[in-house]
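Data block below; observations after.
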Amino acid sequence: MIRPARPDDVPVIHRLVRELADYEKEPEAAVATEAQFHDALFGENPVVGAHIAEHAPGDGDGTAVAGFALWFRNFSTWTGNPGIYLEDLYVRPEHRGRGYGKALLKTLAELCVERGYDRLQWWVLDWNTPSIEFYRALGAEPMDEWTVFRLDGDALRELGGSTAS
């Protein structure tokens, strides 16, 4: 089952982000707090959305979270329409291959179609062959002609006019 995230999901979203950071070999980079996730998802001015993939364990002990998708709305100046940028898609290893990732992406694609958005896009690490193959099987196309740039840390502060750390 795929459902929109609720405020009581924040702790598990936080854990899943930490698991994703471990998988992507950058656990020290995941420094966001539960409070930050709560504010970003459910605060006065939410800036992201999230969906949860749940499974019902066969032993009748309720439901458990298999994975999540965290996303935000973006905009294409070329088409003049919004889209969805998928920041994180993560399915726990023990639940992979059961359709949760596809169901999460299908849910976001349905949102795009319902709202008249033109695009659903995301990044994937070059070494993540299983994910690349999965995305290609869904019909997603790599944007190989684009190079991702990032400005953060001291460089961001310097360009933004402050050298204070």
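- Applying the side chain to side chain donor-acceptor pair (under 3.5 Å) test to residues at least two apart or on different chains, the pairs with a partner in residues 102-114 are Lys106-Glu110.
- Interatomic distance, OH of Tyr23 versus OG of Ser131, reported as 5.0 Å (0.5 Å rounding).
- With a 4.5 Å cut-off on side-chain heavy atoms, Phe72 and Val47 do not count as touching.
- In this view, Ala140 and Trp122, Tyr135 satisfy the side-chain contact (heavy atoms from CB on, under 4.5 Å) rule, not counting sequence neighbours.
- Leu41 contributes atom CG, which lies 5.0 Å from atom CD1 of Ile13 (distance to the nearest 0.5 angstrom).
- Applying the side-chain contact (heavy atoms from CB on, under 4.5 Å) rule to Thr79 yields the partners Ser76, Asn81, Asp118, Arg119; only residues at least two apart in sequence or on another chain are considered.
- At a threshold of 4.5 Å between side-chain heavy atoms, the hydrophobic network of Ile, Leu, Val, Met, Phe, Trp and Tyr places Trp71 and Leu20 in two separate groups.
- Atom CD of Glu141 has 12 or fewer neighbouring heavy atoms from other residues, nucleotides or ligands inside a 6.0 Å radius.
- Residue Leu159 belongs to a hydrophobic cluster whose other members are Leu151, Leu156, with links defined by side-chain heavy atoms closer than 4.5 Å.
- The distance from atom CD of Gln121 to atom CG of Leu108, rounded to the nearest 0.5 Å, is 12.5 Å.
- A side chain to side chain donor-acceptor pair (under 3.5 Å) check over residues 7-20, counting only residues at least two apart or in different chains, returns the pairs Arg3-Asp9, Arg6-Asp8, Glu19-Tyr90, Glu19-Arg92.
- In this structure, CH2 in Trp127 is found 9.5 Å from CD1 in Ile132, a value given to the nearest 0.5 Å.
- Cluster annotation: Tyr85 and Leu89 are assigned to distinct hydrophobic clusters (Ile/Leu/Val/Met/Phe/Trp/Tyr, side-chain heavy-atom contacts under 4.5 Å, transitive).
- Put simply, the side chain of Pro27 reaches to within 4.5 Å of the side chain of Asp22, judged on heavy atoms.
- Note that CZ of Phe134 and CG of Asn128 are 11.0 Å apart. Values are rounded to the nearest 0.5 Å.
- Under the 4.5 Å side-chain heavy-atom criterion for ILVMFWY residues, a single connected hydrophobic cluster contains both Val12 and Val17.
- In the hydrophobic cluster analysis, where Ile, Leu, Val, Met, Phe, Trp and Tyr join through side-chain heavy atoms closer than 4.5 angstrom, Trp123 is grouped apart from Leu138.
- In this structure, Val48 and Glu87 have side chains that are not in contact, with every pair of non-hydrogen atoms separated by 4.5 Å or more.
- Nearest approach of Gly67 to Leu16, heavy atoms of both residues: C-CD1, 4.1 Å.
- Relative orientation of the His95 and His55 rings is tilted, given thresholds of 30° and 60° on the angle between their planes.
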(request) Might you work through the side chain to side chain contact (heavy atoms under 4.5 Å, CB included) test for Leu111 and Leu120, ending with a clear yes or no? (result) CA-CA 10 Å; Leu111 277 176; Leu120 170 58; over 6 Å; no

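- Of all heavy-atom pairs spanning Tyr100 and Ala53, the tightest one is CD2-CB, 3.9 Å.
- Applying the side chain to side chain donor-acceptor pair (under 3.5 Å) test to residues at least two apart or on different chains, the pairs with a partner in residues 33-48 are Thr33-Gln36.
- Taking CG from Leu70 and CG from Leu104, the interatomic distance works out to 11.5 Å, rounded to the nearest 0.5 Å.
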